[in-house]
Amino acid sequence: KQEVTQIPAALSVPEGENLVLNCSFTDSAIYNLQWFRQDPGKGLTSLLLIQSSQREQTSGRLNASLDKSSGRSTLYIAASQPGDSATYLCAVFSSGSARQLTFGSGTQLTVLP
Amino acid sequence: EAEVAQSPRYKITEKSQAVAFWCDPISGHATLYWYRQILGQGPELLVQFQDESVVDDSQLPKDRFSAERLKGVDSTLKIQPAELGDSAMYLCASRPHTSDNEQFFGPGTRLTVL
C-alpha cells in the first residue's frame, strides 16, 4: 500500500525567505506526483504536476523536483510572501494495482510579514 | 476556466439524519472521484467512477454511504444515517480519461454532524 509522508508538519518563516517542503513515498510505481495548496476551509488548488518521467517542474516562484527511484519530491518556494501561507499537500498517483491518488498529511506554512 | 462544482458548500446536520452532496465535474472528464478529508489530514479516496460505472469503492463505508453517477456526468454522495465521525470535508475531483492527467478538485462540502 502506498504511503506518503510530508515533513515538516508545520513551518513558520519570515517573509522573503526561500524554503523547501519535503515529500516521500514508499512505492515508486507512480504515474505522476502532484503538489496542491489548500487554504483553511477550502478545496485543493493544483500547483504543479510532475510526470514519472520528469525530474522537475517550475511555475513562477515554485519549483518541484521528483526523484522516483528514491521516492522523494521537494517543493521549493522562492522569496516567500504572506500570501503563500496555506497547507501544502503532496499526492502520488500510483500505477500499481491500487491506481489512485494517495495524499500526505500536508505541511502547514506560515509566512510572517 | 472550467471548474468542478460542488453543493452545498456547508452542511450542518444532526446524527441519524440523511445528507446528500452533489458534484458536477469539468465537462468531458470521464473519471470522477469522491474524497473525505478529516481536519489535519490529507484527503482519502471514497469512490471512483469511470463514466457511470464504479471503478473502486473499496474504502466506501457501504453500510451508510452510497454514491451514484447515473448518466456519467454529475454525481451524488449520500450518507444515511450520519454519525458524529462523519464530520469532515467532502471533496469531488475529476480527470480526463488518460491516466497521466492531473486531477482537478472542487471547493468541497464541509459537513458538521451534531
Side-chain angles (χ1 to χ4, degrees), chain A residues 1-10 21 23-25 29-54 57 59 64 66 68 73 86-109, chain B residues 1-11 21 23-26 29 31-50 54-60 87-112:
Chain A
K1 177 184 174 183
Q2 180 74 269
E3 294 182 1
V4 180
T5 303
Q6 291 189 245
I7 295 173
L21 308 182
C23 171
S24 62
F25 48 95
I30 66 171
Y31 279 116
N32 58 51
L33 182 145
Q34 212 167 342
W35 282 93
F36 294 89
R37 169 184 173 139
Q38 187 173 34
D39 293 292
K42 306 293 185 182
L44 277 63
T45 301
S46 180
L47 297 174
L48 290 164
L49 172 72
I50 310 178
Q51 304 296 350
S52 61
S53 59
Q54 297 176 323
Q57 280 287 332
S59 175
L66 173 63
K68 195 174 72 165
S73 175
T87 295
Y88 290 81
L89 293 156
C90 164
V92 296
F93 190 72
S94 300
S95 57
S97 58
R99 293 176 59 180
Q100 59 180 258
L101 202 60
T102 303
F103 284 83
S105 294
T107 294
Q108 185 175 357
L109 173 66
Chain B
E1 183 176 315
E3 296 181 339
V4 176
Q6 288 188 249
S7 66
R9 293 293 308 277
Y10 304 92
K11 180 70 178 179
F21 314 131
C23 172
D24 191 11
I26 293 172
H29 283 196
T31 308
L32 183 148
Y33 307 85
W34 283 101
Y35 292 86
R36 177 170 61 184
Q37 185 181 23
I38 296 171
L39 190 64
Q41 299 181 17
E44 293 184 335
L45 180 68
L46 291 174
V47 62
Q48 175 185 344
F49 289 92
Q50 183 66 34
V54 173
V55 174
D56 183 356
D57 64 354
S58 58
Q59 298 174 82
L60 187 71
S87 294
M89 175 77 87
Y90 290 82
L91 295 161
C92 179
S94 69
R95 178 174 66 83
H97 180 68
T98 51
S99 297
D100 59 352
N101 287 91
E102 64 188 291
Q103 292 190 22
F104 297 85
F105 282 76
T109 296
R110 167 70 69 186
L111 173 66
T112 301

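Throughout, a chain's letter reflects where its sequence line sits, starting with A, and its residues are numbered from 1. Quick note: numbers below take in every heavy atom, side chains included, and nothing from hydrogens, waters or symmetry partners.
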Does Q41(B) CD have over 12 foreign heavy atoms under 6.0 Å away?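 Yes, the 6.0 Å shell around CD holds more than 12 heavy atoms from other groups.
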Do other residues, nucleotides or ligands put more than 12 heavy atoms under 6.0 Å from Q108(A) CD?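 Open.
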Once you round to the nearest 0.5 Å, how far does CZ of F105(B) lie from CD of Q38(A)?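 Those atoms lie 9.5 Å apart.
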When rounded to the nearest 0.5 angstrom, what is the spacing between NZ in K42(A) and CG in L91(B)?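 So the gap between those two atoms works out to 13.0 Å.
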Measure [X] against the heavy atoms of chain A and call it side chain, backbone, both or neither at under 4.5 Å.
X: E3(B); answer: neither
X: Q48(B); answer: side chain
X: Q6(B); answer: neither
X: Y35(B); answer: side chain

Which region of L44(A), side chain (C-beta onward) or backbone (N, CA, C, O), has a non-hydrogen atom less than 4.5 Å from a non-hydrogen atom of chain B, or is it both or neither?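 For L44(A), heavy atoms of backbone and side chain both lie under 4.5 Å from chain B.
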Can you tell if the side chain of Q103(B) reaches within under 4.5 Å of the side chain of F93(A), non-hydrogen atoms only?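 Yes. Closest side-chain heavy atoms under 4.5 Å.
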Nearest non-hydrogen partners of L89(A) and P43(B), listed with the distance: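 Closest pair (atom of L89(A), atom of P43(B), distance): CD1-CD, 4.3 Å.
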Determine whether the side chains of E102(B) and S46(A) contain a donor N or O and an acceptor N or O closer than 3.5 Å.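 Indeed, the side chains of E102(B) and S46(A) share at least one donor-acceptor pair under 3.5 Å.
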